Amino acid sequence: MVTRVVLDLVEAVGRLPVGATVSVPVGAADTDTVAAWCARTGNELVSVTDGQATVRRGHAPEPDLPPGRRPGARLWLYTNFDCNLACDYCCARSSPHTPRRSLGLDRIRQLVDEAAAAGVTEVYLTGGEPFLLPDLDQIAAACAQRLPTTLLTNGMLFRGSRLDMLRRMPRQHLTLQISLDSATPERHDHHRGAGSWQRAFDGIRTALAEGFHVRVAATVAADETGDAEQAAFHGLLDDLGIPREDQVVRPIALRGFADTGVVLTTETLIPEVTVTAEGVYWHPVGADHDDQLVTRDLFPLATAITEIQHRFADYRHRTDAAAQRFHCA
Ligand code: SF4
């Protein structure tokens, strides 16, 4: 049960900048509770005298995250929002009718330069379908020159001039993450459209044949994750020589077009800084939703990254809740 003194601490300490102190009234039996709360939340219990506990605000303890998953380590860039598909769970509400809303090569160059200077260690390019952009090869090269880059795609457009564009892309520091939801066409085509599984599968084989590092990601509903389905999916990718660490299975998020899935909010989601043409967002699954908008100002990027880190620390400080890690890649 949350006691009254904990509520007082959350309210009083949550308003403080790091390093400042505040006193809250405590009862004779509250000292252990206050000490335990301070230890758990990264604050310092300075003293308990005359019915007042004095607490200095500290940094909330870091969640149990590897360095590459800490807020600010990854940068997601929505290159565009239009797509050749209109998947029924698309968190970005992408379709052939969605306005492009592209970031453009010049802004992407600047963002990646600033990201590298701000301590970002990885870039993810997503959409929409990035391969609809005629200069995607230049975008991918500009990113991969500065930071290890992963390019998310449905893998269906590797033909004609777009295949030529794929071939011009760097192999160094660039991973292609291709979406494939199931080992056989039925489930994938049910969500993404008839014939899409075969073209995605062909795209995976093309990318491998062209010498790219390929990761495959499945998006699945809660009732689609049976052991037999999982085994068949991994078996198919094993046969292609794709290592298990490059076989990603993630749940559908209740965002965008989806009418079922995991509920994700800024308060419960570990942020991954995400930039679109409209602004900087908390996480890639919320990049088309105002509740996850952090700022409309793309530059300087370091300001937005710092804001997200501070807000994340503040949420954890105030709620002491375990934030949720949601893998998009
Ligand atoms: S989920 Fe991906 S492939 Fe499907 S509509 Fe959205 S952006 Fe396009």
Side-chain angles (χ1 to χ4, degrees), residues 76-103 108 123-134 136 139-140 149-159 162-163 165-166 175-182 185-207 212 214-222 224-225 233 246-262 264 272 274-278 281 283-289 292 326-329:
W76 288 82
L77 301 176
Y78 267 76
T79 55
N80 57 300
F81 277 88
D82 52 331
C83 188
N84 53 310
L85 292 181
C87 306
D88 64 7
Y89 55 64
C90 182
C91 65
R93 292 186 271 236
S94 293
S95 79
H97 309 293
T98 303
R100 175 152 290 183
R101 295 150 58 203
S102 58
L103 265 173
I108 287 173
V123 172
Y124 290 79
L125 299 172
T126 190
E129 174 47 53
F131 273 86
L132 290 176
L133 300 175
L136 184 64
I139 290 171
T149 298
T150 300
L151 170 56
L152 277 64
T153 173
N154 59 40
M156 295 175 61
L157 299 176
F158 302 157
R159 298 174 177 180
R162 291 188 179 110
L163 178 57
M165 187 166 70
L166 174 73
T175 296
L176 295 181
Q177 178 172 311
I178 301 177
S179 301
L180 191 80
D181 292 348
S182 50
E186 295 75 26
R187 201 168 75 208
H188 181 103
D189 287 1
H190 171 72
H191 291 294
R192 293 175 174 263
S196 57
W197 184 93
Q198 188 61 55
R199 285 183 62 184
F201 189 67
D202 292 346
I204 292 168
R205 288 197 293 205
T206 299
F212 286 94
V214 175
R215 182 184 300 144
V216 175
T219 306
V220 297
E224 296 172 341
T225 54
F233 177 74
D246 288 327
Q247 303 177 16
V248 179
V249 179
R250 64 224 172 149
I252 292 174
L254 185 55
R255 287 272 162 179
F257 289 152
D259 53 17
T260 181
V262 181
L264 299 167
E272 297 191 15
T274 300
V275 182
T276 79
E278 283 87 31
Y281 290 78
H283 193 277
V285 297
D288 195 38
H289 296 76
Q292 297 216 2
F326 187 86
H327 299 278
C328 289

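As the structure lists them, so they are numbered: ligands from 1, and atoms in each ligand from 1. Everything quoted here is computed from the prediction, not taken from an experiment. All values below come from the heavy atoms of this structure, side chains included, with hydrogens, waters and symmetry mates left out.
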Notebook entry, point to check: Does a salt bridge link Asp288 with Arg101, judged by any charged N lying under 4.0 Å from a carboxylate O?
Noted result: yes

Do Asp202 and Arg205 pass the salt bridge (charged side-chain N to carboxylate O under 4.0 Å, His left out) test, and can you show the C-alpha distance, the side-chain angles, and the key distance before you say yes or no?
CA-CA 5 Å; Asp202 292 346; Arg205 288 197 293 205; 3.3 Å; yes

For Arg192, the ligand 1 atoms with a heavy-atom partner under 4.0 Å come out as 3 (S), 4 (Fe)

Exercise. Between the side chains of Thr153 and Glu129, does any donor sit under 3.5 Å from an acceptor?
Worked result: yes

- Query: Got Ser182 and Phe233 here, is their nearest side-chain heavy-atom distance under 4.5 Å?
  - Reply: no

Are a donor atom and an acceptor atom from the side chains of Thr219 and Arg250 found within less than 3.5 Å of each other?
yes

With the threshold set at 4.0 Å, does a side-chain nitrogen-carboxylate oxygen contact exist between Arg100 and Asp82? yes

What lies under 2.8 Å from atom 6 (Fe) of ligand 1, restricted to protein N/O/S atoms, is Cys90 SG

